[in-house]
2 protein chains.
Amino acid sequence: MTHRTVGHPAGLPDDPRAHVTAPSPECPVEITLAALQGRWTTLVIRELLRGDRSYSELRAALPALSDKVLSDRLAQLTRTGVVERHRRPGWPPRVHYALTPNGHRLGPVLQALWDWGTQTPLPVP
Amino acid sequence: MTHRTVGHPAGLPDDPRAHVTAPSPECPVEITLAALQGRWTTLVIRELLRGDRSYSELRAALPALSDKVLSDRLAQLTRTGVVERHRRPGWPPRVHYALTPNGHRLGPVLQALWDWGTQTPLPVP
DNA sequence: CTGAATCCCTGCCGATACTG
DNA sequence: CAGTATCGGCAGGGATTCAG
């Protein structure tokens, strides 16, 4: 959502996207949130941060995740440049999924999310 | 979503939430994503990172944001411990919103999201 | 001024069934 | 094995209107 949150530690000196007054898909914050968006997304990324996985390995690791949503998530992550598909020719079909370099850079991002969550009491519903 | 993303830099040595196999509201990553969730949320936080704001100042800063969604967001952020409300007695009613200490700690989180987004090419639709 | 209540519409996600 | 097709329920969010 277009931030220049605190100081200018790492962003451009005066990025115009830091001053937008409405949600914009070009804002870096929204780009990242869009990549992480959707139920199960971060769990799939977590599995792949531990190493490459085939489709069935992902299904086994996340048993409650349906085929439809799993392939949706893998397609989304492929579109957003987080994940790469690798097809092995022959039979039976074998497809491996691996994080791209960009995908690996989500490690620190998830760590930041984890850290804030551990310092925060659960909201009282 | 329950991660222990890379190594154990800051999390507990063996937090069970790092191994959950389904989305869980107790996972620190999900707690944070829930706090940031929803359209306009991060823009509201950005405004408040720049300093306290009254309701009408927030409306002026984000003109395309409707009353309903603005009060929804402020209620959500209050529930999640990010924002505090301060009513000024008297007339006309004046309400100021300010980040809590926890809210200020979202600065580095948004910075991490910003940084990843700037290193990532926009997906080709 | 600062919201809450209502209505409607859209898009997500889960379940099930089917294909290369 | 690795997906796609289809359907339905439900929640998110925008516009408008009403209230303290």
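The sequence lines fix the lettering, A, B, ..., with proteins before strands; numbering per chain opens at 1. Scope of the values below: all heavy atoms of this structure, side chains included, with no hydrogens, waters or symmetry mates.
For B:T120, the side chain to side chain donor-acceptor pair (under 3.5 Å) partners are A:N102, not counting sequence neighbours. Here B:D52 pairs with nothing under the side chain to side chain donor-acceptor pair (under 3.5 Å) rule; sequence neighbours left out. For A:R73, the side chain to side chain donor-acceptor pair (under 3.5 Å) criterion is met by A:T41, A:Q76, not counting sequence neighbours. Annotation: salt bridge (charged side-chain N to carboxylate O under 4.0 Å, His left out) contacts of A:E47 (sequence neighbours excluded): A:R50. Residues passing the side chain to side chain donor-acceptor pair (under 3.5 Å) test with B:S71, sequence neighbours excluded: none.
Between its two ends, the helix from C:dC1-D:dG20 to C:dG20-D:dC1 turns its axis by 50°, counting five pairs per end and rounding to 10 degrees.
Following rounding to the nearest Å, A:L70 (CG) and D:dA2 (C1') show an atom-to-atom distance of 10 Å. One atom, OH of A:Y97, and another, C1' of D:dA2, lie 7 Å apart when rounded to the nearest Å. Straight-line distance from the CZ atom of A:R94 to the P atom of D:dG3: 12 Å, rounded to whole Å.
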Review item, nucleotides 18-20 of chain D N/O atoms under 3.5 Å of protein N/O:
none

Between the protein and nucleotides 12-16 of chain D, which nitrogen or oxygen pairs are less than 3.5 angstrom apart?
residue : atom : partner : partner atom : Å
D:dG13  : OP1  : B:R39   : N            : 2.8
D:dG13  : OP2  : B:R73   : NH2          : 2.3
D:dG13  : N7   : B:K68   : NZ           : 3.0
D:dG14  : OP1  : B:R39   : NE           : 2.5
D:dG14  : OP2  : B:W40   : NE1          : 3.4
D:dG14  : O6   : B:K68   : NZ           : 3.2

- Query: Can you check side-chain hydrogen bond (donor to acceptor under 3.5 Å, both in side chains) on B:D115 and B:Q111, steps first, answer last?
  - Reply: CA-CA 6 Å; B:D115 291 343; B:Q111 186 68 53; 3.0 Å; yes

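Using a 4.5 Å heavy-atom cutoff, the side chains of A:V44 and A:V83 are not in contact.
No contact: A:R87 has no heavy atom under 4.0 Å from any strand. Among the heavy atoms of the strands, none lies under 4.0 Å from B:R88.
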For residues 85-99 of chain B, tabulate all N or O donor-acceptor pairs below 3.5 Å that involve a side-chain atom, not counting sequence neighbours.
residue : atom : partner : partner atom : Å
B:H86   : NE2  : B:E84   : OE1          : 3.4

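When every heavy atom of B:R39 is checked against every heavy atom of A:P23, the shortest pair comes out as NH1-CB, 3.6 Å. Across all their heavy atoms, A:V82 and A:A35 have their closest contact at CG2-CB, 4.4 Å. Taking both residues in full, the closest heavy atoms of A:G51 and A:R53 are given as O-NH1, 3.2 Å, listed atom of the first, atom of the second, then distance.
Note that the first and last nucleotides of DNA chain C, 5' to 3', having any atom under 4.0 angstrom from a heavy atom of chain B are C:dC1 to C:dT6.
Within the 4.0 Å cut-off from OP1 or OP2 of D:dA2, at least one side-chain nitrogen or oxygen of A:S56 is found. Regarding contacts with the backbone of D:dG3, every side-chain N or O of A:R59 stays at 4.0 angstrom or more from both OP1 and OP2.
In terms of modelled atom types and a separation under 3.5 Å, the side chain of B:T118 and the main chain of A:P28 share no donor-acceptor contact.
Applying the salt bridge (charged side-chain N to carboxylate O under 4.0 Å, His left out) test to pairs two or more places apart or on separate chains, those with a residue in residues 55-72 of chain B are B:R59-B:D67, B:K68-B:D72.
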